[in-house]
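These notes are about the structure you will find just below.
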Amino acid sequence: MSDVISVVLPDGSTRDLPPGATGGELAAAIGRGLAKAAVAVTVDGAERDLSEPLSDGARVAVITDGTEAGRHILRHSTAHVLAQAVTDLWPGARYAIGPPIENGFYYDFELPGGTHFSDDDLGRIEARMWEIIAADQPFTREEHSVAEGLELFADQPYKVEIIEGVDAADSDRAEGVGAAGVSAYRNTDSFVDLCRGPHVPSTGRLGHFRLQKVAAAYWRGDERRPQLQRIYGTAWESKAALEEHLHRLEEAEKRDHRRLGAELDLFHFPVELGGGLVVFHPKGGLVRKVMEDYSRAEHEKAGYEFVFTPHLAKSTLFEISGHLEWYAEGMYPPMELEGGTYYPKPMNCPMHILVYKSRQRSYRELPLRLFEFGTVYRFERSGVLNGLLRARGFTQDDSHIFCTPDQLAPELADLLAFVLRLLRAFGLEEFEAELATRPEKFVGEPDEWDVATDALRHALDAAALPYVVADGEGAFYAPKIDVHVKDAIGRRWQVSTLQVDLQEPQRFDMEFVGSDNARHRPYMIHRALFGSIERFFGILLEHYAGAFPTWLSPVQVALLPVRSDHQPYAEEAAGALRQAGLRVDVMAADEGLGSRIRKAKLEKIPYVLVVGDEDVAAGTVGVNAREAEQVRRGVPLGEFRAAVAAEVAAHAPTP
RNA sequence: GCCCCCUUAGCUCAGUCGGUAGAGCACAGCCAUGGUAAGGCUGGUGUCGUCGGUUCGAUUCCGACAGGGGGCUCCA
């Protein structure tokens, strides 16, 4: 046996170490800074504790605390400390799972006697966690046989279930349980947790954390299993990183579309209407109208034709379409009238198919693109409602395109380009796509699904749009491409959807006459670009934090006379701006100028104009622009009008 | 749907260890006419979410219901 081992570092260099040297010692040998930042290592790609001895020839990389992998370990270790604190404070508590998640961690518990945490408990638990961290307890890895593991966790039924469950599986990557046995980490004589690891060397390595909220969660995410008490927390490598994260959360809260909707007087959800049903106020309605006008104009240019269909239909329609068979739980219950059974529509497609089928169609008419702002109603479970983002009544910018098989590929390619063009016009610049394939519950034949899925895949490749495959996430009648956008603070939202449907044309026995004078089945594409107008509105509101770009702003210009005697000039200037199509509010001088400016700013109006003696004399305005650092005095009214009109026109649809 | 939390003035919130409540903003009136983010004074704010129970008495304690928020997917 040699008196030296050699390990390979990520840069390809090798380093000699004494036999039995650990990952932690390797980090220390490389440098003090690295040793301080190290939380674990990877050995031949697998994560290991810093305390684990390295073997000769291993490829070793140090995981540091500022990386995602490093934070993952910090959060995981902090979750263990949380579990220890809870079991200290609630003797007899059972602990289930406590994984790291994006930006933090959680741990699920079952408290003795079925009691629950309250928000006040979080402070007590945090205090106990601080004591555990101050005690600098080591995370000591233990290896046990499955039988020993079952004994060790005999009074922890969730741990036992994990051990038993994974013992049956052949995977050794999951759960800290494998063919070789189970691994656990011990902090004290009394606290040990089943865990794959790795962990930081000791609790003293932790500390930049915050417990955030109490929630309930079903064991294994299954609503038929017991409900557990979950505590969410966040943890970071430094105080600064923690504070930055908390600040980001505050900023996101300020952007909450429900809050902005009330503050800016855009919309609300009246209690009298019921959950998930919104009314738009005049200002919100104006934004929505601008959105819809733009969309209509673009669709008209792109060869769409407009149709209008009702909100209700007899059950017959949804029997043919398959909705009652496959989607009934998402539909509002039926109304019985004069012997007929009527349903509010959950989708527009069957209605558009009826338009198609109103007469015989020739291949010369295809592709036929039918467009409608179609309002649909879906019975979403109350717990999933979320303002405009998840509502029960909403309007889709919905279209169904009927085409020949040959036309499918070019049509899809054009569509993807159209989608991205529209989203960019609304200020969204980053996109990702998801190709959602056949779900477990589906209609039709698998080989038809393959045809449709391939068509979508080709369109994505042609558009060079990055995408991931979401297996089994398709609609019951069609595979789809979902387009996701990234907003101003990096959050992802699903907006547009494109679906290739081979089922509905069959169910409705649709046909067209081809150039061969024979009857053929058309292909059908479902697509919505905003998705839901309400949802897209909510996303835009959060994206812009309420400060809509000028072309979308409900009020584009606020005009403030300095004194009451400047009012006539202000009215005259407002009239001139309105002549140029601008939306202007005159804020009369019945309170202080500073106060009125503040109000206009809080309304996030793009341009605040102040007019006083000098302006009346010279025909100018003082311009306080939302996006500018400085106020510009003495701008000729005509110059301002032309500049803003041009700014708005740049976003308007081109004729 | 299920679990937890919340519900007091238009809004944001305080408060009452059980004796029908207060602040700021907003709103109304008066004064102030002010050149770039809150001028001053005065005034009214309310079925303390709804229904029921306990009590001499409930906004407060208990229960049910409604509405809202968070969570229920990311594998110790």
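Per chain, numbering begins at 1; letters A, B, ... match sequence-line order.
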Step by step, work out the side-chain contact (heavy atoms from CB on, under 4.5 Å) result for A/R225 and A/E161. CA-CA 13 Å; A/R225 311 284 315 257; A/E161 184 175 331; 2.9 Å; yes

Practice item. Please work out if A/S595 contacts a base, only the sugar-phosphate, or nothing of the nucleic acid, heavy-atom cut-off 4.0 Å. Key: sugar-phosphate

Of A/K601 and A/A589, the one whose nearest nucleotide on RNA chain B sits closer to the 5' end is A/A589

- request: Could you tell me whether A/G612 contacts a base, only the sugar-phosphate backbone, or nothing, with contacts defined as non-hydrogen atoms closer than 4.0 Å?
  value: base

**Prompt:** Are A/Y185 and A/R141 close enough that a side-chain donor and a side-chain acceptor fall under 3.5 Å?
**Reply:** yes

To the nearest angstrom, the CD-C1' distance between A/E110 and B/C3 comes to 13 Å

note: A/E591, atom CD; B/U33, atom C1'; distance rounded to Å ~ 13 Å

Note: for A/G387 and A/R381 on RNA chain B, the residue whose nearest nucleotide lies more 5' is A/R381

Mind checking if A/P226 touches a base, just sugar-phosphate, or nothing, with heavy atoms under 4.0 Å?
nothing

What's A/L560 touching, base or sugar-phosphate or nothing? Going by heavy atoms closer than 4.0 Å. nothing

Of the candidates B/U36, B/C4, B/G34, the side chain of A/V562 sits closest to B/G34

Rounded to whole Å, CZ of A/R596 lies from C1' of B/G35 at a distance of 10 Å

How far, in whole Å, is B/G22 from B/C6 if one measures between their P atoms?
25 Å

Look at all strands and tell whether A/D565 reaches a base, only sugar-phosphate, or nothing, counting heavy atoms closer than 4.0 Å.
nothing

When both distances are under 3.5 Å in a Watson-Crick or G-U wobble arrangement, the nucleotide paired with B/C56 is B/G19

When rounded to whole Å, the CZ to C1' distance for the pair A/F117 and B/G70 reads 16 Å

**Request:** Would you mind classifying the nucleic acid contact of A/V608 as base, sugar-phosphate or nothing, using non-hydrogen atoms under 4.0 angstrom?
**Result:** nothing

As its Watson-Crick or G-U partner within any shown strand, both distances under 3.5 Å, B/G24 has B/C11

request  = Give A/H80 one of three labels, base, sugar-phosphate or nothing, depending on what nucleic acid heavy atoms sit under 4.0 Å from its own.
outcome  = sugar-phosphate

**Request:** May I ask you to say what A/G594 touches in the nucleic acid, namely base, sugar-phosphate or nothing, with a heavy-atom cut-off under 4.0 Å?
**Result:** sugar-phosphate

Original post:
Is the phosphate of B/G69, meaning OP1 or OP2, less than 4.0 Å from a side-chain N or O of A/R258?
Top reply: yes

Taken to the nearest whole Å, CZ/A/F269 to P/B/U7 is 22 Å

Exercise for review: Between B/U54 and B/G68, how far apart are the P atoms? Round to whole Å, please.
Suggested key: 31 Å

To the nearest angstrom, the CZ-P distance between A/R390 and B/G1 comes to 13 Å

Distance below 4.0 Å between A/Y106 side-chain N/O and B/C72 OP1 or OP2
no

A/D108 atom CG is separated from B/C3 atom C1', nearest whole Å, by 12 Å

Taking B/G35, B/C72, B/U36 as options, the one with an atom nearest any side-chain atom of A/A217 is B/C72

- request: Could you check whether the rings of A/H245 and A/W236 sit parallel, tilted or perpendicular, using 30° and 60° as the cut-offs?
  value: tilted

### Message
When the C1' atoms of B/A9 and B/A64 are compared, how many Å lie between them, rounded to an integer?
### Response
27 Å

Winner on side-chain proximity to A/A215, out of B/A38, B/U33, B/G71, is B/G71

What's A/K213 touching, base or sugar-phosphate or nothing? Going by heavy atoms closer than 4.0 Å.
sugar-phosphate

Salt bridge present between A/D256 and A/K254 (N-O < 4.0 angstrom): no

Practice prompt. For residues A/N187 and A/D193, determine if any side-chain heavy atom of one lies less than 4.5 Å from a side-chain heavy atom of the other.
Written response: no

Discussion item. I'd like the C1' distance from B/U16 over to B/G46, given in whole Å.
Written reply: 15 Å

Closest of B/G34, B/G35, B/A37 to the A/S564 side chain is B/G34

* To do: Establish, with yes or no, whether the OP1 or OP2 oxygen of B/G71 is under 4.0 angstrom from a side-chain nitrogen or oxygen of A/R230.
  => no

When rounded to whole Å, the NZ to P distance for the pair A/K599 and B/A38 reads 12 Å

For the C1' atoms, the ones on B/G19 and on B/U7, what distance do you get once it is rounded to whole angstrom? 24 Å

Partner of B/G39 under the Watson-Crick or G-U wobble criteria, both distances under 3.5 Å, comes out as B/C31

query: Does OP1 or OP2 of B/G1 have a side-chain N or O of A/S382 closer than 4.0 Å?
result: yes

message: Under 4.0 Å, counting only non-hydrogen atoms across every strand here, what does A/Y232 touch: a base, just sugar-phosphate, or nothing?
response: sugar-phosphate

Original post:
Which is true for A/G274 with a 4.0 Å heavy-atom rule: it touches a base, it touches only sugar-phosphate, or it touches nothing?
Top reply: nothing

Against the side chain of A/Y218, the closest entry in B/C3, B/C72, B/G71 is B/C72

If we take the C1' atom in both B/C74 and B/G18, what is their distance in whole Å? 48 Å

If we take the P atom in both B/C41 and B/A21, what is their distance in whole Å? 26 Å

- request: Tell me whether the centres of the aromatic rings in A/Y106 and A/Y232 are closer together than 6.0 Å.
  value: yes

Open item on the list: Please verify the inter-ring angle class for A/H80 with A/H76; under 30° counts as parallel, over 60° as perpendicular, anything in between as tilted.
Closed with: perpendicular

Mate of B/C72 across any strand shown (Watson-Crick or G-U wobble, both atom pairs under 3.5 Å) is B/G1

Hey, can you tell me if A/H199 and A/F139 have their rings parallel, tilted or perpendicular (30° and 60° cut-offs)?
parallel

- prompt: In whole Å, what separates the C1' atom of B/C72 from that of B/G49?
  reply: 26 Å

Under 4.0 Å, heavy atoms only, any strand: does A/E614 hit a base, just the sugar-phosphate, or nothing?
base

Check: Looking for any heavy atom pair under 4.0 Å, which part of the strands does A/Y95 touch: base, sugar-phosphate only, or nothing?
Finding: nothing

Fill in: Pair of N/O donor and acceptor under 3.5 Å linking B/G69 base with A/N386 side chain
no

_Donor-acceptor pair between A/W493 and A/E542 side chains, under 3.5 angstrom_ = no

In Watson-Crick or G-U wobble terms, with both distances under 3.5 Å, the base opposite B/G63 is B/C51

